[in-house]
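One structure is given here, and the rest of the page talks about it.
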Amino acid sequence: MDSAALPLPHAASPTDLRKVMAEWRAAGETVAFVPTMGALHDGHLRLVEQARMEARRVVTSIFVNPTQFAAHEDLDTYPRTLERDATLLAEAGCDLLYAPTASTMYPTGFATRIAMDGPALGLETDHRPHFFGGVAIVVAKLLNQVQADVALFGEKDYQQLRVITRLAADLDIPTRIVGVPTERDGHGLALSSRNAYLSAAELDISRRLNGRLAAAAARVRAGDPIDVVEHETAGALLSDGFASVDYVAVRDADTLEPLAAAGDRAVRILAAAWLGRTRLIDNMAI
Ligand code: PAF
């Protein structure tokens with residue numbers, strides 16, 4: 001589709017984006033920002049809905065960020081549905097779609113990297129070591145470009161949310177970072193653009209992940225040893241039919257540091273597991 005025909009105002013470069021932002025700021029309007037990689041589902045629309053409650057104007061970005069994919073991952077096949085996404089955003093009350101090209105975001109000569117410790121250590125990084133470097137650089141760029149009052153991220157990618165919160169604090173980015181609870185289907189499966197890869201049989205198995213985490217959370221709350229719960233929950237997922245389990249981990253909800261015991265601090269359980277070629281992640285508060 002010719003992007004000029006998209007059903008809502010849109011910008012494809014930081015310069016075009018800034019013109020719109022300047023008009024809104026001149027009118028004294030507040031701005032909320034929802035960064036996405038497109039292939040929108042109800043979880044994204046929930047973010048837009050929440051964004052509308054946070055500010056007068058809503059900007060949503062769609063950019064499939066190459067730097068957060070490893071060479072063997074699904075960058076080329078990641079679903080790209082710009083026309084449909086734009087229609088959904090228009091219906092959801094988004095005011096502006098920002099869809100920059102890869103050469104706008106990463107022009108020839110681009111040379112900057114961001115390396116993070118803290119909440120970026122372990123979990124996803126153990127299995128996707130490139131991931132948070134790519135997320136950090138693109139989110140830092142997007143937050144700088146949009147300069148919103150508030151930016152919203154789904155709690156489904158909980159480690160990403162903690163990393164971005166840390167990044168914004170460390171780089172003095174004034175945009176407030178807000179996490180929005182995970183949107184789930186009627187069987188508890190966390191909505192994700194990659195769920196589209198699941199066969200009917202895999203979908204059936206995938207819906208057990210949330211229940212396994214809920215059972216594990218209950219055991220941790222009851223005082224069962226964390227390492228035992230992690231190990232046995234991973235085993236239960238394998239017996240449910242998951243092909244492999246990258247991790248089941250109980251962590252401090254803020255720093256994501258490993259814990260010997262839950263105590264009375266805020267605690268989160270996080271998991272990543274494979275079904276065929278699809279990697280699922282989920283998490284919940286304990
Ligand atoms: O969660 C996502 O969709 C992406 O990782 C994000 C935050 C838009 C950065 O590309």
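In listed order, ligands and their atoms are each counted from 1. Heads up: numbering here begins at 1 and tracks the sequence.
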Thr36 N/O to ligand 1 N/O under 3.5 Å: no
Any donor-acceptor N/O pair, Asn65 side chain to Gly134 backbone, under 3.5 Å: yes
Which of the ligand 1 atoms, numbered from 1, are nearer than 4.0 Å to a heavy atom of Gln68: 4 (C), 5 (O), 9 (C), 10 (O)
4.5 Å side-chain heavy-atom contact, Arg184 and Arg207: no
Under 3.5 Å donor-acceptor, Thr182 side chain and Ala190 backbone: no
Per-atom contacts of ligand 1 with Val138, taking only distances under 4.0 Å to non-hydrogen atoms: 9 (C), 10 (O)
Whether Phe63 and Tyr106 hold their rings parallel, tilted or perpendicular, with breakpoints at 30° and 60°: tilted
Under 4.0 Å to a heavy atom of Met37 - the qualifying atoms of ligand 1, by number: 3 (O), 4 (C), 10 (O)
Atoms of ligand 1, numbered as shown, that sit under 4.0 Å from any heavy atom of Gln160: 1 (O), 2 (C), 4 (C), 5 (O), 7 (C)
Interatomic spacing from CG in Asp85 to CG in Leu6 - rounded to 0.5 Å: 10.0 Å
